[in-house]
Q: 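First the structure, which I've put down as structure tokens, then a few questions once you've had a look.
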There are 2 protein chains.
Amino acid sequence: MSNNEAKIVFTPSGKRGSFALGTSVLDAARSLGVDVDSVCGGRAMCGRCQVNVAEGEFAKHAITSKGEHLSAFGEVETRFAERRRSFKPGRRLSCQATIQGDLVIDVPAESQMHRQVVRKSAEHRDITLDLYFVEVREADMYEPTGDVQRLLEALESQWELPDLKCDSTVLPGLQTALRKDNWQVTVAVYKKSRVIAVWPGFKQDAYGIAMDIGSTTIAANLINLTNGNVVATDGIMNPQIRFGEDLMSRVSYVMMNADGAADLTSTVREGVNKLIAGLAKEGGIDVDEIVEVTVAGNPIMHHLFLGLSPVELGTAPFALVTDAALDLGAAELGLEINSGATVYVLPCIAGHVGADAAAMILAEEPYLLDEISLIVDVGTNAEIVLGNRDGLLACSSPTGPAFEGAQISCGQRAAPGAIERVRIDPETLVARFSVIGSSDEPGFAEAIDAFGVTGICGSGIIEAVAEMYLTGIITEDGVVDGSMSERSDRVIQNDRTWSYFLHDGVQKIVVTQNDVRQIQLAKGALYAGVKLLLDKAGIESVDRIRLAGAFGSHIDTKYAMVLGLIPDCDLKNVESAGNAAGTGARIALLNVAARGEIESVVRKIKKIETAVEPKFQEYFVDAMALPNKTDKFPKLFSVVKRPEPKVAKNDSDRPRRRRRSKA
Amino acid sequence: MSNNEAKIVFTPSGKRGSFALGTSVLDAARSLGVDVDSVCGGRAMCGRCQVNVAEGEFAKHAITSKGEHLSAFGEVETRFAERRRSFKPGRRLSCQATIQGDLVIDVPAESQMHRQVVRKSAEHRDITLDLYFVEVREADMYEPTGDVQRLLEALESQWELPDLKCDSTVLPGLQTALRKDNWQVTVAVYKKSRVIAVWPGFKQDAYGIAMDIGSTTIAANLINLTNGNVVATDGIMNPQIRFGEDLMSRVSYVMMNADGAADLTSTVREGVNKLIAGLAKEGGIDVDEIVEVTVAGNPIMHHLFLGLSPVELGTAPFALVTDAALDLGAAELGLEINSGATVYVLPCIAGHVGADAAAMILAEEPYLLDEISLIVDVGTNAEIVLGNRDGLLACSSPTGPAFEGAQISCGQRAAPGAIERVRIDPETLVARFSVIGSSDEPGFAEAIDAFGVTGICGSGIIEAVAEMYLTGIITEDGVVDGSMSERSDRVIQNDRTWSYFLHDGVQKIVVTQNDVRQIQLAKGALYAGVKLLLDKAGIESVDRIRLAGAFGSHIDTKYAMVLGLIPDCDLKNVESAGNAAGTGARIALLNVAARGEIESVVRKIKKIETAVEPKFQEYFVDAMALPNKTDKFPKLFSVVKRPEPKVAKNDSDRPRRRRRSKA
């Protein structure tokens, strides 16, 4: 080795080489293929290339010998340190520090391009988008080329990105962006092939939206694509509700109105734009900084958001326009974000099993496990997935809206004022319950004072019916037993049937015989769907159960099993999957490999259409009855029977107090 | 060869092989790689696969032996013959006729897929688009896939087109199209890679538009893409004219109004849509059948049509947003044609030399010739191209609008009532002239009676000034010689200068000293641009001159040379190129290879910016003077001096009579 060279070793990679004195540490790393991030191209602007001079004899020498082995901490780094808190003491900018002698350099995790994001071990950040800072050659009369051509030339020469294309959506704003900050711009490049956005000057971050469009709620996360962090989270009511509460009434609206599909499409897109604007505001960013969106949703929401008529989905054979994943432009969907933004729509599985189910599967990854998973998202239709690494089955079952509190006499949505937890004293038959809402929330106390308990939501009605069954108020056939009225004035007559009187406040909250029947119908449908998949799979039980969606997050899994919503399974293996569809959309946003994965998994799923399965009706009728208590639930009884109502939560971050309970 | 096989020879290719008896002639052709067209996939619907049983001993045997060597003319062919006049007697549908013995089959030119289109030898039809008729598997609950997936599956299995993508613009109408004609559809596939349109049932033809967007006129052809025929031709005034007659006043409008660019963009697009709707009506087709558009235009029209601000083009360094050719979607440009239609925009050359010049170069192909061509398109700016196969130079020169009749005292557009041809009697100095218009046109006679001769258009003012020069009314310096008033009362005083009195009708038509100056300025600019290019090329003369555009089509090339608009050149090598930009757009529409060709040629053109060339101003001043008559024009004089005014044409198809001439 000549006297003008020095050895350098990078950790953790262990890569090493010799370089001429004066070579920047970043250039050395690059030429060895060491993974060091840099957005600004070595201009000491982004701070992504920070490194540590490592410990150890070899390295100490570098530190202690008055900077001989590494160039002195110079003016550029001092200025950068003053400006940026993220520049940790002791660190150096590898683009500025030059090799002056033998060195060991440690590249911290956050300076590596492919950082791990925490959510779970399988989630690896591998986004579609990269930001590049470039200085573009000025327009020149002597060499008249287009601004785009000089931009692409700069990306090629400064970042070694040949053969890029520039999206036409970038063109209208390009000239202004280039001239605003002296021909310096930050460029968003999609999949290393297309320029999709250009901003004046240096810019560190770009943002994405992961969205689940439900019939009732549209939920979205605003995510910093640079580090995978969730910047803001919000949800709104789907404004399509004014055209009908449930999916079929919206399809009917489309069938009966010439512009029906267009109305519903523009309505949901307006809602989405409002939601995104709110998220941007909350995150303190401009909507123009949002360059990528991923979308999940049930088939009808999927079609309406995309501007496709859902009419064929309303009748057999329930044909989707397309079941494939889609890569679209934000502009064609009318999204008010960066005009070059891309929109990835997850694939649908079948006419009743949508991109939300695909997202849920991506979040839960049953296809990677040996154990057999049952994953259920309960809405107006339950989407049911069963299987393991050897294969997946999926179907949808028409549970109806009872689980969401609809078609129940005192039913209501899960909203402040609704009963969500119920315990009935087996002696007195008097109920104790908890109500959704928190005294910390503005207006809550006033609302309760004025309106009292307003109704009973999905999880509340399940617990009420289950407790009525456990306490003998209803029989295995689901009949409210009038003879119980002799023991308690809580069992009351109501025309020719009997009801259970749950609460007497500002409003009377009663569970009627018909309410019990509705729950029986819903749980019968759900269980029949599950049973059909078990049949098709040739198995009788599952190893784990995940309950997804809003209902799945609220329901007490023990009560679900008491009522027979789900098959027997060790209770510790039954869990809520939270908003699995939203999680799946987020994974797809941050990990392009996950997109290919779910597309391939979805193609291989065996789809079962319950409507054409002769056994479905039979299972449905069988599953209407309540499970035999003495045979099946001794284990559950001991768990369920006596505990106090737990403090309920409708949002894991907010504290909430139980407001009222009566004994 | 077994007894169950027969030999078949195809002409003109000479390809031959043996096939099992009963094989269809089309299948045999396909397996031998013989070029036989078919759109319907052998269903006897398109009639493209017609063949002749060839003459000759071998073949006669086939004909005379009672059809033994070819299957009998069956029911299917009889039905087809009744329906289609294009099925010529004696021909057979190769998809229906089967091999029964040895045969010679002739494939006529029109049954070959890559037919030549006539315009000129270099134009070869090689379009981006193919139509395929397919039968799609119905939606099936037992195998729930999307309609798109079954469509792509049909294209793969029936046409061997794997890996096609389907544009998202196709999705909204797909389900209706599939169900309208029993799951049979015709599909337009772009560049063998993308499904861009789907129509119910069987469809033979698809259409394209080739368009040149000029500052004054938007001209377009509607073309049947299947056979290259021009179905309809039309032009409209560019409705942007209400924002300013010339380009710079439109750029000013954009600079002074916040929504100026958007106004101008929506205005030109409205005009284009109106023009296209008119063409479709004239051609008897639906706009939904138009699936491809090619666009040429000067840089400012190009930018405004694309929704790009032209502001940077208004001032040095005249930077284009992009100089590359663009492939866009009709939807993003707001074109009211098939929503999946593609739009190809020709490349621009420089800030002043646009996609219209590129189209002109494609039409004229100077880059293929040994001879040196000078091609000039005269508008408010003259776009000038010089060179041969060794290289091309291009520039733009600010001629101003005088050549279009603007800024001339009695000037007007080339429209009915305008003087377009002028001869001055050298003795009496009285003018004879012809006027644009035809007595065949409704309202022409009435207009002339009511308004008389209304003015003088571009070609008229050139001839007037040239004749004034030739007859001595003006000097070489361009001064109207007052002393001539002694010879004729046609030379009249007008303040301190002299004018020539051309015609005294309802309106007085006069050529003033200032008019002569305007023409001198315009021709000085044009000639200076040409001279600059000659300089740069290091040459003094050219082998051929082509004058393009409306002005180039109307001008009498001899007078152009008398005035010194163009350099000396053998008159027989000076020709009008007609609407060369429109022709270039048409070539690009029909020939995808031509797109690559012009893109590559444009990249190699040397661009000269006249505004920064020190010599330009000098040449400009020099070129103001009129050429020396005695030195340079003896040859021209003998040609020019005495002929009768020719019958002028403004449209090659319409007959027109000279209306008035005075002696």
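We name chains A, B, ... by the order of the sequence lines, and we start the count at 1 in each one.
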Q: Check the surroundings of atom CD in B/Glu143: do more than 12 heavy atoms from other residues, nucleotides or ligands lie under 6.0 Å from it?
A: no
Q: Between B/Glu332 and chain A, which part of the residue has a heavy atom less than 4.5 Å away: side chain, backbone, both or neither?
A: side chain
Q: Identify which part of A/Leu326 has an atom lying under 4.5 Å from any heavy atom of chain B, answering side chain, backbone, both or neither.
A: side chain
Q: Most heavy-atom pairs under 4.5 angstrom with chain B, which of A/His303, A/Gln175, A/Arg150?
A: A/Gln175
Q: At what distance, to the nearest 0.5 angstrom, does CE of A/Met141 lie from CD of B/Glu613?
A: 10.0 Å
Q: If the contact rule is any heavy atom under 4.5 Å from chain A, which residues of residues 305-323 of chain B qualify, in numerical order?
A: B/Gly307, B/Leu308, B/Ser309, B/Glu312, B/Ala316, B/Pro317, B/Phe318, B/Ala319, B/Leu320, B/Val321, B/Thr322, B/Asp323
Q: With a 4.5 angstrom heavy-atom cut-off, could you sort out which part of B/Arg603 is near chain A: side chain, backbone, both or neither?
A: neither
Q: Out of A/Arg179, A/Glu609, A/Lys165, return the one with the most heavy atom pairs under 4.5 angstrom to chain B.
A: A/Arg179
Q: Relative to chain A, which segment of B/Ile349 carries a heavy atom at a distance below 4.5 Å: side chain, backbone, both, or neither?
A: backbone
Q: Which answer fits B/Leu328, side chain, backbone, both or neither, if we ask what part of it has an atom under 4.5 Å from a heavy atom of chain A?
A: side chain
Q: Please determine, among B/Val612, B/Leu178, B/Leu174, the option with the most heavy-atom pairs under 4.5 Å with chain A.
A: B/Val612
